[in-house]
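Within every chain, numbering begins at 1; the chains are lettered A, B, ... in the order of the sequence lines, protein sequences first and strands thereafter.
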2 protein chains.
Amino acid sequence: MAARGPYAKGVAKRDEILDAAMEVFAQNGYDRTSVREIARQTGLSQAGLLHHFSTKEELFLEVLRRRDDRSLDSDERSHKHSVDRLMRAVDRNSEEPGLVRLFVAMSAESAQDASVAHGFFAERYRWLLDEIAQDVRVHQASGELPAGLDPEGIASLLVAAADGLQLQWLLNPGSVDMGARIRTLWEALRKTT
Amino acid sequence: MAARGPYAKGVAKRDEILDAAMEVFAQNGYDRTSVREIARQTGLSQAGLLHHFSTKEELFLEVLRRRDDRSLDSDERSHKHSVDRLMRAVDRNSEEPGLVRLFVAMSAESAQDASVAHGFFAERYRWLLDEIAQDVRVHQASGELPAGLDPEGIASLLVAAADGLQLQWLLNPGSVDMGARIRTLWEALRKTT
DNA sequence: GTCTATAGGTAGATAGAC
DNA sequence: GTCTATCTACCTATAGAC
């Protein structure tokens with residue numbers, strides 16, 4: 001049963017706002033983005049937009065949450081290795097400079113304590129690293145990976161490299177094949193003892 | 001011959017301003033930092049500060065340049081391998097959260113085209129990666145490293161990991177030994193092929 | 001070199017009409 | 001749901017006095 005009447009309109013507009021907001025935040029970062037600008041792009045006044053999200057912060061956090069939800073809804077879930085999922089995520093990112101820019105800008109912002117995104121990213125990294133480390137452990141138990149590998153170290157390095165490559169890729173577009181690089185790294189790491 | 005009279009005072013104040021500015025920019029990022037705030041910390045009015053650096057942008061770029069100059073002035077130059085220098089830089093960073101925060105925030109900012117730091121960081125990465133790749137090549141020629149390694153790939157991954165680890169370290173302080181991690185990576189990479 | 005004062009902006013958020 | 005109008009709170013940069 002689809003929502004109807006006033007609800008449908010509200011939900012659709014909300015979605016439209018989130019799309020526009022993601023794009024503008026990605027392009028300019030949090031501080032340089034004004035609610036007015038996002039409003040303009042969705043054919044609303046600033047006050048009109050703030051009817052749907054009562055503060056700029058709320059809108060911003062919603063954008064971050066939706067970005068994550070979408071990643072998880074996509075085919076990533078079908079890959080049992082979270083290492084595979086990471087690689088596929090990197091591949092997909094190579095086609096979405098906007099999202100990458102959003103991610104880089106926001107994760108760096110979150111490193112500032114005052115940032116609204118601090119909690120979001122701190123938690124995000126904790127579970128991401130944990131998931132990958134856990135995955136490495138499972139494959140060590142089944143004998144697919146050498147027992148000598150350090151699961152936390154591997155997870156940390158893979159994620160770190162993925163993040164750092166994004167920055168290089170944004171600054172010098174076309175100079176880096178992120179997918180190839182991260183696969184090289186994985187091959188090197190899994191052969192370590 | 002040292003500068004004297006009014007010069008000495010000017011230079012000293014300039015330095016004091018740069019120190020304060022580095023700290024505040026590191027803590028809050030470029031946009032969230034006001035010239036007034038930096039002025040307050042140095043006992044000046046906003047206009048008084050802008051006597052030394054005529055715009056906020058100029059002050060900011062000066063902070064970035066000085067950070068780099070200091071790195072290079074330190075003992076890093078004495079290490080012939082630029083890979084070694086990278087590792088030592090990572091070690092030193094582990095004791096300077098402020099500088100790391102500045103670097104992470106500013107490099108991410110620079111990924112936005114509109115950023116004043118865009119040119120600075122794009123160029124910085126170009127020579128940094130180039131220097132390391134070149135270094136790998138030299139050691140391949142002398143037989144110290146296997147000929148099969150991809151110099152650009154190695155350089156890119158080392159720098160990417162260093163950057164990404166900084167982010168993890170800032171978000172979850174104490175959870176990552178950056179130096180140890182980057183050495184693990186280097187060991188893994190040099191054994192590839 | 002440093003100040004006060006101010007010009008000229010832009011921001012987020014609110015009030016109240018429709 | 002959406003608008004216009006407005007408020008308050010900053011901001012950078014400049015002018016001109018000391």
Can you check the A/Lys13 NZ to D/dT2 P distance for me, whole Å?
6 Å

What ring-ring contact (aromatic ring centres under 6.0 Å, His included) pairs are there with at least one residue in residues 135-189 of chain B, not counting sequence neighbours?
B/His81-B/His139

Do any pairs count as a ring-ring contact (aromatic ring centres under 6.0 Å, His included) and have a residue in residues 16-38 of chain B, sequence neighbours left out, and if so which ones?
B/Phe25-B/Tyr30, B/Phe25-B/Phe60, B/Tyr30-B/Phe60

A/Ser45 side-chain N/O to D/dT2 phosphate OP1/OP2 under 4.0 Å:
no

Whole angstrom value for the distance that separates C1' of C/dG9 from CZ of A/Arg32:
16 Å

Salt-bridge test for A/Glu37 and A/Arg32: reply yes if a basic N is under 4.0 Å from a carboxylate O, no otherwise.
no

Applying side chain to side chain contact (heavy atoms under 4.5 Å, CB included), name anything that partners A/Ala188, two or more places apart in sequence or on another chain.
B/Ala188, B/Leu189, B/Thr192

Can you list everything that forms a side chain to side chain donor-acceptor pair (under 3.5 Å) with A/Glu23? Sequence neighbours excluded, please.
none

How would nucleotides 12-18 of chain D be written as a contact map, 5' to 3', with B for base contact, S for sugar-phosphate-only contact and - for no contact, using protein heavy atoms under 4.0 Å?
BBBB---

Gap between atoms CD and C1', on A/Glu58 and C/dT14 respectively (whole Å)
16 Å

Once you apply a heavy-atom cut-off of 4.0 Å, does B/Leu44 come out as touching a base, just sugar-phosphate, or nothing?
sugar-phosphate

Taking only N and O in the side chain of A/His52, is any of them less than 4.0 Å away from OP1 or OP2 of D/dT2?
yes

Think B/His51 has a side-chain N or O under 4.0 angstrom from the OP1 or OP2 of C/dG1?
yes

By side chain to side chain donor-acceptor pair (under 3.5 Å) - contacts of A/Arg65 (at least two apart)
A/Glu62

